[in-house]
Every structure is written in structure tokens, then in C-alpha cells.
There are 2 protein chains.
Amino acid sequence: MATTSFTEENYLKTIYAIASRQQGEVSTNALAEMTATRAASVTDMLKRLADKGLIHYKRYQGVRLTDEGERLALTIIRRHRLWEVFLVDKLGFGWDQVHEMAEELEHVRSDELVTRLDAFLNHPQFDPHGDPIPTPAGLMPDVTYRKLADLVPTEEACLMGVLDHSASFLQHLDACGLTLGSVVKVSEISSFDRSMQVTIVPDQALFVSHDVAKNLLVSE
Amino acid sequence: MATTSFTEENYLKTIYAIASRQQGEVSTNALAEMTATRAASVTDMLKRLADKGLIHYKRYQGVRLTDEGERLALTIIRRHRLWEVFLVDKLGFGWDQVHEMAEELEHVRSDELVTRLDAFLNHPQFDPHGDPIPTPAGLMPDVTYRKLADLVPTEEACLMGVLDHSASFLQHLDACGLTLGSVVKVSEISSFDRSMQVTIVPDQALFVSHDVAKNLLVSE
DNA sequence: ACTTATTTTTAGGTTCATCTAAAAATTTAT
DNA sequence: ATAAATTTTTAGATGAACCTAAAAATAAGT
């Protein structure tokens with residue numbers, strides 16, 4: 001109920017992001033690195049978030065979101081991802097350009113705005129990077145993808161998302177013609193460097209390095 | 001060049017707004033009232049804005065925007081008004097609902113975003129309240145309107161804007177069927193209370209109080 | 001186990017944007 | 001023109017979000 005600041009919202013989002021790719025509590029240092037601040041500043045903030053009942057925090061023990069904190073984090077992530085869809089689908093930005101803008105737009109406080117934006121965009125299920133958009137109630141849909149790197153020759157799958165969100169990775173995919181939604185078929189895997197020879201169905205052949213393949217998510 | 005904070009941007013916008021409906025310098029007290037802060041806080045901020053070269057400020061003498069300050073104020077007003085068009089035209093909000101959201105959206109820092117939003121909206125010249133949208137270069141188009149209250153019987157004009165932006169005024173106009181773009185013709189003016197009998201062309205007759213008429217802008 | 005290294009927290013300080021209370025400048029009124 | 005009223009500024013505090021440097025707790029190494 002108490003109002004959460006711009007900065008507090010960013011911490012919640014960051015705690016969620018770190019927690020979702022490991023298990024156990026999130027460390028102060030990990031947060032300091034992600035938020036580009038110092039550990040001492042993080043400790044300050046953790047006390048405030050704990051006072052507001054948004055995280056479980058015991059000193060020296062790391063931190064975990066409360067139910068309320070997780071719900072809040074997910075509504076912010078929902079806003080972020082909806083704005084990304086808007087920027088790409090409606091304004092024609094590239095998927096490598098939208099992160100910074102969405103970081104700001106996500107903090108605009110209006111539930112009605114989010115509701116209408118969602119309808120305007122036709123209730124998208126995924127953002128331009130293939131990440132699922134949390135529900136209005138603050139739940140993360142669970143999607144199970146495989147990495148392209150885990151496929152074996154002759155397997156075919158649809159490109160669904162990326163693990164690396166950096167502009168340089170996304171631009172590299174653009175340059176290769178690897179677009180979400182494409183169907184790819186693995187022809188060969190080099191036993192030397194694990195690079196893959198794949199075909200973008202129907203007929204576009206290309207090599208994909210292991211570094212790329214392990215950051216590409218596929219369905220099926 | 002130096003980065004302007006959210007708060008500084010709001011002061012610039014407010015200085016512009018007050019200056020544009022009076023002549024001479026803007027007073028500390030007027031700013032305190034508009035920003036809902038205390039005069040002492042305003043004085044603090046004025047020093048900072050003066051240091052950044054955004055205002056002309058001599059103590060006890062009131063304040064005036066520099067060219068740079070005015071350009072900045074107008075780019076913020078441009079963003080505000082473009083977002084209002086988006087919210088009304090694309091998301092279907094009422095013109096009485098969009099001010100608060102636009103207050104937040106206007107601070108999102110990306111020139112490219114504004115450029116693309118403007119194109120997406122088809123380069124609108126006016127916001128949903130009939131206020132002109134400053135140019136990308138930071139110039140306010142000058143439009144000259146009359147007040148409906150200044151028309152005399154048998155004159156006809158097009159509703160172009162409002163002076164009062166309050167939700168209650170706008171809702172009242174909605175309830176009366178007074179929409180921007182409508183053509184109205186003045187039939188009679190009461191010498192008692194200056195209320196007007198007008199016809200929304202072609203055939204919708206209604207009474208308009210002087211309080212309403214003096215806050216409605218018409219063209220021609 | 002005990003010393004060393006790492007992580008985390010405390011202590012004390014800074015900046016931004018605000019506040020209250022009191023002092024100074026300006027304006028108004030008699 | 002001088003006193004009274006108003007406006008504006010200074011002085012000193014506060015809270016949020018950060019910082020550095022040092023202390024304390026935990027984890028790791030031999």
C-alpha cells in the first residue's frame with residue numbers, strides 16, 4: 001500500500017531477476033554489482049525494503065522477496081515488457097534499442113494505463129526478446145525452453161527467445177538472419193568447437209558458434 | 001548539456017506556464033503555489049537553475065527563462081502533449097484523464113522516442129485540449145483564438161480549445177456535448193448573467209454559462 | 001582449528017529536494 | 001516618509017539514496 005519509489009522498484013526487479021536464475025537467497029554483493037552501486041548502499045536499501053515488508057532479510061544471510069514483494073516485482077516486469085512490445089511493434093524500434101526506454105517507462109504509475117496498453121497491443125504473451133509477460137495479477141507464466149546448443153543433428157525447433165539481452169548479441173542475430181519465430185534444423189555439430197551448422201527452414205544455411213547457440217532458446 | 005533532473009524539468013515547465021500568461025518576471029511565490037512547495041524551497045531551486053544557465057535570476061527580482069531554458073521547457077511540453085495525444089487517440093482515455101500520466105511520461109529521456117511517437121501519431125499539431133504542440137526545435141507555434149464569451153449573436157465559430165484544464169470542467173463539456181471541432185453559433189446572450197444560447201451546428205441547442213464560455217476557445 | 005580471505009554491515013559524510021523559523025528586502029498604506 | 005504588511009531569502013534540519021573507510025561476521029585454506 002505504501003508508495004514504492006523508482007529506486008525501490010528497481011531493487012525489487014533486480015532481486016527477482018537474480019533469484020530466478022539461482023536458488024537460495026540473493027547476496028548483497030550480487031545486488032551491488034547488478035545495480036552498479038556499492039554493497040553498503042545495498043544494505044541501506046535492504047533495511048528499507050524489509051521495513052516495508054517487501055523482502056525477507058536477516059543480516060549476513062542474503063535476501064528473498066516476500067509474496068507482496070514478488071507480486072510488485074512482477075507488475076514492474078509486466079510493465080517493462082509491455083512497453084518493449086509497444087516500442088518494437090508500434091514505433092518500429094529494433095529489439096536491441098528498447099531496454100533503456102522501457103526501464104523508464106516501467107515506472108509510470110497507472111494500472112489503467114497498463115490495462116489499456118495491454119489491450120492496445122492485443123494482449124501479447126511475450127516481449128520482443130521472447131520473455132513471457134507476467135499476468136495482470138502478478139504471476140510469471142512458466143515456459144520451458146531448451147537451448148539451441150542442446151539440440152542434436154536432425155532436430156528441428158522454433159526460435160523462441162534469447163538468454164543474452166545485450167545489444168551486441170541481438171545485433172549479431174540480426175546480421176545472421178536469426179529471427180524469433182524462425183524454424184531451424186541442426187545439420188551438424190563440430191566436435192572441435194561445438195559450432196553448429198543449421199538451416200533456417202526452408203533453405204538458409206549458416207554456422208552458429210557455441211556462444212551463440214547457448215544463448216538462443218528454442219521450443220519443442 | 002548538463003543533465004536536468006525530473007524536478008528541474010518541472011520547474012522549467014512551470015516557469016514557462018506562468019510566464020506565458022502574464023508579462024514580466026515570474027515570482028517565487030507564484031512558483032511555490034504552482035509546485036505545491038514552500039517559497040524557501042523554490043529559492044533553493046532557482047539558484048541551481050541559475051547556475052546551470054537555464055534562468056535569469058537576481059534575488060528579490062523574480063525569474064525569467066534563458067533561451068536555453070525556454071528551449072528545454074518547450075521540449076518537455078512537446079513530450080507532454082504528444083503523450084496526451086497518444087493516450088486519448090490510441091489508448092482511448094478521456095481528455096479529462098490523461099494529465100497525470102503525461103506528467104510522468106514527459107520525463108522519459110529519449111529524443112528518438114519522441115520523434116517516433118510524433119510520426120506514429122501522424123505529426124499532430126494540437127493536443128486533446130487544443131493546445132499547440134511545440135516543434136521539435138523547441139518553438140511554440142503561435143495560435144490566436146478568441147473566447148466563446150467574446151462572440152456576439154449570430155457569430156459562428158469552431159471550438160478549438162479550453163483554458164481550464166480541470167477534469168471537472170472537461171467532464172462538464174462532455175456532458176453538454178461540447179466537443180472540440182464542433183461548430184457553434186451564438187443565438188442570444190442574456191444581459192442578466194451573460195449566459196449564452198448557442199447551437200451546435202447543425203441543430204443541437206443549449207445554454208452555456210459565462211463561466212463556461214470564458215474558458216472555451218474558438219477560431220475565426 | 002586457526003589464520004586468512006571474502007562478504008557484509010556499521011559509522012560517518014555528501015547531494016538533492018524538501019521543510020520550518022527567522023532575518024532581510026521590497027512593497028503598500030497611512 | 002515612515003510604519004506595517006508582504007515577499008523573498010538565509011540558516012539550519014530532514015529523508016532518500018548514494019558514497020568511503022573501517023569493523024564485524026562468515027567462509028575458505030592449510
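Convention: sequence-line order gives letters A, B, ...; per-chain numbering from 1. The structure presented is a predicted model; accordingly, all values stated were derived computationally and were not measured.
Ring orientation note: the planes of Phe120(A) and Phe86(B) are nearly perpendicular, at an angle over 60° on the 30°/60° scale.
Atoms CG (Asn29(B)) and C1' (dT6(D)) sit 9 Å apart, rounded to a whole Å. What separates CD of Glu25(A) from P of dT26(D) is a distance of 14 Å, to the nearest Å. At whole-Å resolution of the value, CD in Gln61(A) and C1' in dT7(C) are 12 Å apart. Atom-to-atom, CD of Glu33(A) to P of dC18(D) comes out at 16 Å; the value is rounded to the nearest Å. If you take CG of Asp51(A) and P of dG15(D), they are 14 Å apart, rounded to a whole angstrom.
Ranking dT9(D), dT7(D), dT10(C) by closeness to the Arg59(B) side chain, first place goes to dT9(D).
With respect to Arg78(A) and Asp118(A), a salt bridge is recorded, a charged nitrogen being found less than 4.0 Å from a carboxylate O. Residues Glu106(B) and Lys13(B) are paired through a salt bridge, judged by an N-O separation under 4.0 Å between the basic side chain and the carboxylate. Using a cut-off of 4.0 Å between Lys/Arg side-chain N and Asp/Glu carboxylate O, Glu112(A) and Arg116(A) are scored as salt-bridged. Remark: Arg71(B) engages Glu68(B) in a salt bridge, criterion side-chain N to carboxylate O under 4.0 Å.
Considering only side-chain N and O atoms, Lys47(A) lies nowhere under 4.0 angstrom from the phosphate OP1 or OP2 of dT9(C). Between dT9(D) and Tyr57(B), a contact under 4.0 Å exists linking OP1 or OP2 to a side-chain N or O.
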Using a 4.0 Å cut-off on protein heavy atoms (strictly under), produce a 5'-to-3' string for nucleotides 12-24 of chain C with B for base contact, S for backbone-only sugar-phosphate contact, and - for none. ----SBBBBB--B
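When each of His99(A), His129(A), His165(A), His107(A) is paired with His80(A), the ring-ring contact (aromatic ring centres under 6.0 Å, His included) condition holds for His99(A) and for no other.
Counting non-hydrogen atoms under 4.0 angstrom, Thr28(B) reaches the backbone sugars and phosphates but no base.
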